[in-house]
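Note on naming: letters A, B, ... go to the chains in the order of the sequence lines (proteins, then strands), and numbering restarts at 1 for each one.
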Protein chains: 2
Amino acid sequence: MGKQMTEMLKGTLEGIVLAILADEPAYGYEITARLRDQGFTDIAEGTVYALLVRVERNGLVEVERVPSEKGPPRKVYTLNPKGQEYLDEFWQTWDFLTEKLNKLHHGRNAS
Amino acid sequence: MGKQMTEMLKGTLEGIVLAILADEPAYGYEITARLRDQGFTDIAEGTVYALLVRVERNGLVEVERVPSEKGPPRKVYTLNPKGQEYLDEFWQTWDFLTEKLNKLHHGRNAS
DNA sequence: GGTCACTATTCAGTGGTACTATGTACTAGT
DNA sequence: ACTAGTACATAGTACCACTGAATAGTGACC
């Protein structure tokens with residue numbers, strides 16, 4: 001993956017995953033697959049699992065073990081209120097950044 | 001500063017600074033001041049200088065020492081062709097991310 | 001003439017995040 | 001048995017922004 005993408009994902013990947021969970025609960029393997037479908041082809045499984053461990057440790061999600069027909073049991077993650085609040089903050093921060101960067105990108109300014 | 005902002009700046013702050021330099025050459029202290037003017041009120045001076053050392057080491061900028069009337073000599077940074085190319089890649093990566101995140105934010109999808 | 005304020009740069013140490021690479025474990029098809 | 005697909009876990013690495021402090025020059029004020 002591009003080095004720039006790697007760095008830019010720091011801070012945003014977490015928001016992306018939480019946004020996916022806000023849409024509907026999901027488990028790690030599924031999240032990884034969905035990310036790939038959506039164009040993030042180079043995100044490693046290990047990255048997602050480590051991230052999920054982190055958001056669980058931070059109390060942003062609820063976890064439920066669900067048996068699978070084909071493989072080990074799944075850990076299904078659900079966004080909880082604290083996670084939703086955290087996600088709202090994420091979008092605020094993201095909006096702030098996009099506003100500033102759009103100005104820099106297009107608004108060849110006359111300071 | 002918000003922890004989310006701190007993490008989100010990783011990868012983007014470098015692009016922001018390079019974009020500022022693309023507009024016109026500048027020195028560290030000036031860049032810090034300009035960032036503050038543009039709303040990044042909490043970016044520490046040390047952060048900017050460390051970033052400038054890095055982009056210089058990576059050969060993205062040219063450096064010229066210019067005496068100052070009031071203070072130590074300034075190190076004026078100018079974006080070079082390699083830096084411009086790197087900045088173009090940055091905008092591509094940024095556009096990719098914004099597209100995906102906009103879909104996640106608004107487009108409550110029908111996968 | 002000593003302190004304060006502003007300008008200007010540098011650097012050591014810290015914490016957080018994504019990546020690499022690998023390992024574990026269950027199921028099904030051959 | 002062997003392979004492939006599903007599913008989760010983790011140690012080690014690299015990179016980046018932040019904290020906090022140090023260094024150094026100039027001008028102004030008392």
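Contact annotation: B:R54 reaches the phosphate of D:dC16 (side-chain N/O to OP1 or OP2, under 4.0 Å). Within the 4.0 Å cut-off from OP1 or OP2 of D:dC8, not a single side-chain nitrogen or oxygen of A:Y29 is found. The phosphate of D:dC18 (OP1 or OP2) has a side-chain N or O of B:T47 nearer than 4.0 angstrom. The shortest distance between the side-chain N/O atoms of A:S68 and the OP1/OP2 oxygens of D:dA7 is below 4.0 Å. When the side-chain nitrogen and oxygen atoms of B:Y49 are compared with OP1 and OP2 of C:dT10, none of them lie within a distance under 4.0 Å. One finds no side-chain N or O of B:Y27 lying less than 4.0 angstrom from the OP1 or OP2 phosphate oxygen of C:dT9. Contact annotation: B:K75 reaches the phosphate of C:dT10 (side-chain N/O to OP1 or OP2, under 4.0 Å).
Residue-to-nucleotide contacts include no donor-acceptor pair under 3.5 Å from the side chain of B:K70 to the base of C:dT7. The base of C:dG16 is not paired with the side chain of B:K3 by any donor and acceptor separated by under 3.5 Å.
Residues A:A50 and B:G71 both approach DNA chain C. Their nearest nucleotides, taken by heavy-atom distance, put B:G71 toward the 5′ side. Closest-nucleotide positions on DNA chain C for A:E45 and A:E69 were compared, and the one nearer the 5' end corresponds to A:E45.
Using a 4.0 Å heavy-atom distance criterion, B:G46 is classed as a base contact.
Comparing C:dA8, C:dG16, D:dA17 by their closest approach to the side chain of B:E7 singles out C:dG16. You'll find that the side chain of A:R74 is closest to D:dA7, out of C:dA8, D:dC18, D:dA7.
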